[in-house]
Amino acid sequence: MRHQGHIAVVTGGAQGIGAGIVEVLHKNGAKVAIIDRQRDKALKLSCDISGDDGAITVIEADISDKPGCEYALQQVIDRFGAVDILVNNAALARNKDYIGKLSDSDWADQSKLTIEAVTNLSEIALPYLQRSKCPAIVNVSSVTATKIAQNQASWPYHVSKAGLEQLTRYLAVKLGQSNIRVNAVAPGLVDRSEGVKLTDFKSNQQVISHVVPLNRVATASDIGEAVSFLSSQEASFITGQVLVVDGGMGIAEVFGAGLSILESLDFSN
Ligand SMILES: NC(=O)c1ccc[n+]([C@@H]2O[C@H](COP(=O)([O-])OP(=O)(O)OC[C@H]3O[C@@H](n4cnc5c(N)ncnc54)[C@H](O)[C@@H]3O)[C@@H](O)[C@H]2O)c1
């Protein structure tokens, strides 16, 4: 119960990784405010996790602009009266297969959540975090912040996550004077609880077994546990860091892994 008495805010907590973060923070004693556009989905999650004990509250809001962020944070304060932990998890990807195809509005959309909402929510939450005994911000980045492949249409997302990691370091330096720690987690491959899963495809499983030393993808709870640690007092002297949660995928030597995948392929039919 490392978060007993703490108020946590999780953006994009209605599904996927955000839902895993909500679940772990709640399990560890936090009261959690889910900020999400998907009210019904968030309400169902809240009910599944905590029934109607009031430990999880749902705030339906669109945080893609500053008024939306202000509204959402005010709702948190009205319901819980404080913020100890801010988890900036909501994100989207604008995929374009070449730089020339990305419009100005694609760029704006790409950075609205990953950069602007994180900046806005951190600023709006600041007076409350300053009053907290255990303030922490955790941003959800991605291993794609430092990786890229040829023909990767998700490159704008990678660029925005790289920006988010630098924003994390800036905020850590700036807010350290107020004893507010700011870190990020960088998930690798994740199978969320809904939708098409990476592991639904046999070819993906084969690749995973060659490039992920722990031989599986992460669950949303794996990421939730890392977020919970970084926002807890056990991480009280850790700030400005990016914790990679990828089952060791990042240490795989690309050429060797590629060769071993090729060697495992059966070309006989
Ligand atoms: N899924 C992966 O494999 C993976 C890997 C690495 C990093 N990540 C990162 O993890 C985070 C969560 O990823 P996911 O796959 O679970 O995402 P997801 O798309 O499944 O969920 C995102 C949630 O954010 C909410 N949301 C989107 N825009 C919003 C807005 N403007 N205002 C309020 N809520 C909004 C959505 O309603 C949704 O509930 C993201 O930051 C993503 O970049 C994901």
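Every number for a ligand or one of its atoms is a count from 1 in the order of the listing. Each residue takes its place number in the sequence, starting with 1.
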Applying salt bridge (Lys or Arg N to Asp or Glu O under 4.0 Å) to Lys147 and not counting sequence neighbours gives none
For ligand 1, find each of its N or O atoms that sits under 3.5 Å from a protein N or O atom, and tabulate the pairs with distances to one decimal place.
from	atom 1	to	atom 2	distance (Å)
ligand 1	15 (O)	Arg192	NH1	2.9
ligand 1	16 (O)	Ile17	N	2.8
ligand 1	20 (O)	Gln15	NE2	2.7
ligand 1	20 (O)	Arg192	NH1	2.4
ligand 1	28 (N)	Arg37	NH2	3.4
ligand 1	31 (N)	Asp62	OD1	2.9
ligand 1	32 (N)	Ile63	N	3.1
ligand 1	34 (N)	Arg37	N	3.4
ligand 1	37 (O)	Asp36	OD1	2.6
ligand 1	37 (O)	Gln38	NE2	3.2
ligand 1	39 (O)	Asp36	OD1	3.3
ligand 1	39 (O)	Asp36	OD2	2.7
ligand 1	39 (O)	Gln38	NE2	3.1
ligand 1	41 (O)	Asn89	O	2.7
ligand 1	41 (O)	Lys161	NZ	2.9
ligand 1	43 (O)	Tyr157	OH	2.4
ligand 1	43 (O)	Lys161	NZ	3.0

Under a 4.0 Å threshold between the charged nitrogen and the carboxylate oxygen, would Lys44 count as salt-bridged to Asp48?
yes
Quick one: side chains of residues 210-220, donor-acceptor pairs under 3.5 Å with protein atoms, not counting sequence neighbours, listed by atom name and distance.
from	atom 1	to	atom 2	distance (Å)
His210	ND1	Ser260	OG	3.0
His210	NE2	Ser264	OG	3.4
Arg216	NH1	Asp222	OD2	2.8
Arg216	NH2	Asp222	OD2	3.4
Thr219	OG1	Ser221	N	3.4
Thr219	OG1	Asp222	N	3.1
Thr219	OG1	Asp222	OD2	3.2

Asp109, CG atom: more than 12 neighbouring heavy atoms under 6.0 Å
yes
Check: Ser160 and Leu113 side chains under 4.5 Å, non-hydrogen atoms
no
Side-chain donor-acceptor distances from residues 8-26 under 3.5 Å, at least two apart:
from	atom 1	to	atom 2	distance (Å)
Thr11	OG1	Asn89	N	2.8
Thr11	OG1	Ala90	N	3.0
Gln15	OE1	Gln38	NE2	3.1
Gln15	OE1	Lys41	NZ	2.9

